[in-house]
2 protein chains.
Amino acid sequence: MGVRITLRSVAEAAGVSTAAVSYAFNRPDRLSSEMRSRILAVARELGYSGPDAAARSLRTGRANAIGVIFTTGLTYAFSDPYVLALLGGLAETLAHSRTSLVLIPFAPVVAGLSDAEVRESLDAVHRAVIDGAVADGLTDDHPAVRALSDRSLPLVRSSDTAAGRCVMIDDRQAGREIGRHLADLGHHEVAVVVSSPSEPGCAVTPADEATLYPYSRHRLAGIREALPAGARVRVVSGGNNADATGRLAATALLAAPDRPTAIAADSDVLAAAVVEVATVQGLRVGHDVSVTGFDDVPLAASTGLTTVRQPIHEKGRLMARMLLDPDNTPNRVTLPTELVVRSSTGPVPNR
Amino acid sequence: MGVRITLRSVAEAAGVSTAAVSYAFNRPDRLSSEMRSRILAVARELGYSGPDAAARSLRTGRANAIGVIFTTGLTYAFSDPYVLALLGGLAETLAHSRTSLVLIPFAPVVAGLSDAEVRESLDAVHRAVIDGAVADGLTDDHPAVRALSDRSLPLVRSSDTAAGRCVMIDDRQAGREIGRHLADLGHHEVAVVVSSPSEPGCAVTPADEATLYPYSRHRLAGIREALPAGARVRVVSGGNNADATGRLAATALLAAPDRPTAIAADSDVLAAAVVEVATVQGLRVGHDVSVTGFDDVPLAASTGLTTVRQPIHEKGRLMARMLLDPDNTPNRVTLPTELVVRSSTGPVPNR
DNA sequence: CCCTCTGTGTTAATCGTTTAACATCGTGCA
DNA sequence: TGCACGATGTTAAACGATTAACACAGAGGG
């Protein structure tokens with residue numbers, strides 16, 4: 001009962017070499033069909049269910065799995081429509097090549113990580129049996145990214161990176177489009193809500209800005225570029241991009257005596273939270289205050305959110321293809337974005 | 001460049017045994033700190049990033065990962081709130097023990113699977129490097145379940161099963177509660193919408209019923225039991241549980257000349273689709289037609305859906321714990337459910 | 001009749017680690 | 001002085017498979 005059945009035990013029981021057994025499972029054409037079925041019969045009889053996955057991975061060097069790093073906490077991730085769309089895209093491509101998706105949790109960054117936490121998380125990254133990985137939205141110097149490239153695993157990223165593969169969008173350009181749109185409407189008091197580990201609602205100092213997600217930085221830069229010279233841009237933390245933290249940020253922002261006339265959020269989820277809070281406070285979104293989102297997930301359409309559409313699903317599909325078939329895919333791709341104007345933005349109110 | 005750095009190369013470069021290098025990475029206390037840091041220095045210098053994952057898995061017999069089987073297509077799965085809640089629960093527990101989640105795609109059953117598809121899917125199951133797996137909603141004789149138990153991997157299921165671990169709900173009892181609720185309201189023309197591979201909207205024959213998901217069967221049985229003797233229950237396919245297929249089923253159902261007065265759906269997603277279609281057709285849900293869902297996902301509250309709440313997140317947490325720590329967890333758990341009455345159900349209209 | 005070729009099966013090296021068991025060497029204690 | 005012991009390294013045997021390279025036999029061709 002306790003003894004494990006291996007390729008060898010089957011071979012001995014059948015009176016053949018281990019090679020034969022291996023071929024019986026992997027290369028039917030290498031064996032006479034008579035021999036093959038005899039071996040399979042013996043295997044079944046012994047309760048052998050095929051070659052061990054780990055051993056096979058070691059020997060062949062292939063894992064038939066690709067990893068995805070999550071730095072936000074998996075539980076949160078499953079509620080983020082952006083993440084879900086990306087995973088959906090990845091999965092779509094992977095399903096066609098019997099490849100699994102390995103979700104690797106990395107300690108979420110909340111006010112800095114203890115060394116121990118980082119070490120534990122890295123351990124998960126090191127132990128993952130995968131052929132490649134996607135790291136979406138992580139900086140070059142994130143420990144997980146480092147660990148992955150140290151393992152010299154194929155890695156695909158979503159931000160521009162010196163070496164290595166990536167599929168990205170032009171965040172800066174997208175930011176400029178948002179900025180121009182708001183500028184055209186006459187806004188010069190705008191708040192940008194970014195996802196950040198710091199307390200939701202609190203201001204993000206220029207020093208902090210360097211620590212933001214790259215995409216946040218680029219979008220922010222774009223917005224600033226497109227706004228007229230006199231415009232004032234304040235940056236506040238939207239927490240971890242969730243509905244709850246978005247509401248906190250919105251509440252802080254709308255309570256300010258000099259409340260902004262426009263609020264540009266880093267994601268649709270955040271923007272929808274802002275809309276919700278504003279509405280509850282009796283503000284007419286698109287009149288009294290304008291709100292923009294990012295991504296154009298389904299939520300955006302139903303909320304009437306002005307946002308920037310990015311082809312998330314396509315991004316996922318492409319990332320997966322790059323990992324599965326590196327020779328027939330480009331190293332770097334920039335996907336198009338598009339400003340989608342809906343009812344959540346309007347001309348600046350005259351007070 | 002092409003040559004791979006291994007534990008051995010590091011050992012040779014450092015002039016120590018491979019055991020020492022292994023200890024340097026795994027058991028700091030086994031080495032003098034001086035030796036350890038020397039080894040780590042050499043490793044860094046050589047660009048060695050730690051023991052190989054596959055080799056380590058083979059040797060230790062642990063993968064630090066658990067699998068989840070998806071028979072619905074991963075892309076769909078990421079849009080199903082039930083699945084997401086379950087994954088969230090699993091992830092929550094796993095995050096504490098640096099364990100990854102492996103999402104294993106299995107060919108979705110659409111009008112029967114070809115042998116080749118099954119074989120390919122099984123291959124993914126066999127190749128997954130995992131310590132255990134959860135199979136939610138699959139029958140005992142599903143090929144994936146068989147493959148997993150053949151591998152003699154710890155397996156946790158969501159339906160009652162002779163041997164093996166499971167965390168379930170009393171689907172039959174839940175069905176009875178729905179049935180009783182509808183009966184109390186005077187309904188005897190009820191349609192049950194189940195997720196099924198067959199064409200959305202078409203009738204499910206008694207013969208087909210045997211092929212339904214176990215949970216569907218049990219809920220159906222419960223509903224039938226609780227309805228009065230004269231009641232008529234028709235069963236229709238809701239497709240794969242998605243919004244779109246739910247709408248199709250609803251359209252077919254509401255167009256029928258003898259349209260049911262109550263529609264009990266297998267999931268909130270399906271029920272919400274029914275509500276949507278009914279509303280569009282000018283029917284007042286809760287008056288002209290009653291609709292019930294299942295699960296009580298967030299969507300249900302915002303739709304005003306009468307439904308049965310089940311603790312999905314808790315289910316996930318429990319399943320993960322059962323896999324991680326079998327010795328300190330029960331083999332079988334039944335979680336409580338609760339009928340949540342909202343506005344989507346009401347007394348049968350008098351025509 | 002010899003030679004090549006195809007179809008089947010075997011031999012044996014290798015993938016990169018982990019870890020029980022053993023060796024060695026001060027050290028503290030009786 | 002003698003001895004048990006903790007601390008620190010090493011030896012070497014697995015873990016369970018894959019796959020070149022080789023061997024052999026019968027078929028077919030010249």
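Protein chains get the first letters and strands the later ones, always in sequence-line order, with residue 1 at the start of each. Source: prediction; values computed, not measured. Any value given below was found using the heavy atoms of this structure, including those in side chains, with hydrogens, waters and symmetry copies removed.
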Identify each atom pair where a protein N or O and an N or O of nucleotides 4-7 of chain C are less than 3.5 Å apart, giving names and distance.
none

Could you check how far [atom1] of [X] sits from [atom2] of [N], rounded to whole Å?
| X | N | atom1 | atom2 | value |
| --- | --- | --- | --- | --- |
| A/Arg8 | D/dA13 | CZ | P | 14 Å |
| A/Leu58 | C/dC15 | CG | C1' | 4 Å |
| B/Arg151 | D/dA17 | CZ | P | 11 Å |

Phosphate OP1/OP2 of D/dG16: any A/Thr6 side-chain N/O under 4.0 Å: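 The answer is no; no side-chain N or O of A/Thr6 sits under 4.0 Å from OP1 or OP2.
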Over 12 non-hydrogen atoms of neighbours within 6.0 angstrom of CZ in B/Arg332: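 Yes, because the 6.0 Å sphere around CZ of B/Arg332 holds more than 12 heavy atoms from other groups.
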Contact list for DNA chain D against residues 31-49 of chain B - heavy-atom distance below 4.0 Å: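 Within this stretch, B/Leu31, B/Ser32, B/Met35 sit under 4.0 Å of the strand.
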A/Ser121 side-chain N/O to A/Ala107 backbone N/O, donor-acceptor pair under 3.5 Å: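 Checking the backbone N and O of A/Ala107 against the side chain of A/Ser121, a donor-acceptor pair under 3.5 Å is found.
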Polar side-chain atom of A/Ser159 near backbone of A/Gly137 as donor-acceptor pair, under 3.5 Å: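 Flag not set: sc A/Ser159 to bb A/Gly137 has no pair under 3.5 Å.
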Report all interatomic pairs (protein N or O, nucleotide N or O of nucleotides 18-20 of chain C) with separations under 3.5 Å.
unit_1 : atom_1 : unit_2  : atom_2 : d
C/dT18 : OP1    : B/Asn26 : ND2    : 3.0
C/dT18 : OP2    : B/Ser22 : OG     : 2.6
C/dT18 : OP2    : B/Asn26 : ND2    : 3.1
C/dT18 : O2     : B/Arg59 : NH1    : 2.8

Closest non-hydrogen atom pair between B/Lys315 and B/Ser158, with its separation: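 The answer is CE-CB, 4.2 Å.
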Heavy-atom side-chain contact between B/Thr72 and B/Asn241 under 4.5 Å: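 Contact flag for B/Thr72/B/Asn241 side chains = no.
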B/Glu92/B/Arg317 salt bridge by N-O under 4.0 Å criterion: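 Counted as a salt bridge, because a side-chain N and a carboxylate O are separated by less than 4.0 Å.
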Sequence neighbours excluded, every pair satisfying ring-ring contact (aromatic ring centres under 6.0 Å, His included) that has a member inside residues 7-40 of chain B: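 Output for this query lists B/Phe25-B/Tyr48.
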Parallel, tilted or perpendicular: rings of A/His142 and A/Phe106 (30°, 60°):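 The rings of A/Phe106 and A/His142 stand perpendicular, inter-plane angle above 60°.
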Selection residues 21-48 of chain B - residue pairs positive for salt bridge (charged side-chain N to carboxylate O under 4.0 Å, His left out), sequence neighbours left out: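 Checked against salt bridge (charged side-chain N to carboxylate O under 4.0 Å, His left out) - neighbours excluded - no pair reaches residues 21-48 of chain B.
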Of all pairs that satisfy side-chain hydrogen bond (donor to acceptor under 3.5 Å, both in side chains), the ones with a partner from residues 124-137 of chain B, not counting sequence neighbours: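 The answer is B/Tyr82-B/Asp136, B/Asp123-B/Arg127.
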